[in-house]
Amino acid sequence: MKVLHGALAAEHMKPRSGTFSGAVSADTIMSSVDCVTVATVKFEPGGRTYWHAHERGQLLQVTAGSGLVCLAGEAPQVIRTGDVVWIQPNERHWHGANETTGMVHVATSIGMTSWQEEVSAEHYPG
């Protein structure tokens with residue numbers, strides 16, 4: 001058993017770039033313990049991930065605001081506070097805020113993450 005003490009204060013949120021567009025910050029709650037990573041991620045309006053996939057899946061729990069999640073080949077779906085999203089292993093997807101509303105979610109990622117290209121304007125409804 002491991003006890004990991006949370007640090008949800010704003011000073012623990014670190015800006016993310018390289019695999020994110022727009023203003024995105026995160027607090028890694030648990031870093032790769034038994035191939036599981038858990039992070040609180042804050043997306044400002046317009047902020048989003050690049051396309052990516054998780055080796056063994058990802059669980060998103062929206063804790064504030066609303067945003068979008070999108071599987072490759074499908075239209076983006078709106079997600080709101082209280083929603084939980086399960087993304088199957090190796091499903092190519094992206095998630096983040098919409099153009100006018102921020103979003104915070106807790107992301108539980110299982111296995112390796114395969115980061116891909118930035119989400120184009122064609123795939124992001126702005």
Distance from [X] atom [atom1] to [Y] atom [atom2], nearest 0.5 Å?
X: I87; Y: C70; atom1: CD1; atom2: SG; result: 10.5 Å
X: T49; Y: W115; atom1: OG1; atom2: CH2; result: 5.0 Å
X: T101; Y: L68; atom1: OG1; atom2: CG; result: 9.5 Å
X: N90; Y: E55; atom1: CG; atom2: CD; result: 7.0 Å

* To do: For the residue pair H95 and H52, categorise the inter-ring angle as parallel (less than 30°), tilted (30 to 60°) or perpendicular (more than 60°).
  =>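 Judged by the thresholds at 30° and 60°, the geometry between H95 and H52 is perpendicular.
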* To do: Anything under 30° is parallel, anything over 60° is perpendicular, the rest tilted; go ahead and classify H105 against F43.
  => perpendicular
* For the residue pair H123 and W51, is the inter-centroid distance of their aromatic rings smaller than 6.0 Å? ->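 Yes, the ring of H123 comes within the 6.0 Å limit of the ring of W51, centre to centre.
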* Under 6.0 Å from the CZ atom of R56, do we count more than 12 heavy atoms belonging to anything else shown? ->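 Open.
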Which heavy atom of [X] sits nearest a heavy atom of [Y], and at what distance?
X: Y50; Y: Q116; result: CD2-O, 3.3 Å
X: Q58; Y: S109; result: NE2-OG, 3.0 Å
X: Y124; Y: N98; result: OH-C, 3.1 Å
X: G102; Y: P45; result: N-CG, 3.8 Å
X: R48; Y: V119; result: NH2-O, 3.9 Å

* Would you mind listing every side chain to side chain donor-acceptor pair (under 3.5 Å) that reaches into residues 60-89, with sequence neighbours excluded? =>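 As it turns out, there is no side chain to side chain donor-acceptor pair (under 3.5 Å) pair with a partner in residues 60-89 once direct neighbours are skipped.
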* Check the pair M103 / V62 against side chain to side chain contact (heavy atoms under 4.5 Å, CB included), numbers first and verdict last. => CA-CA 7 Å; M103 178 182 71; V62 182; 3.9 Å; yes
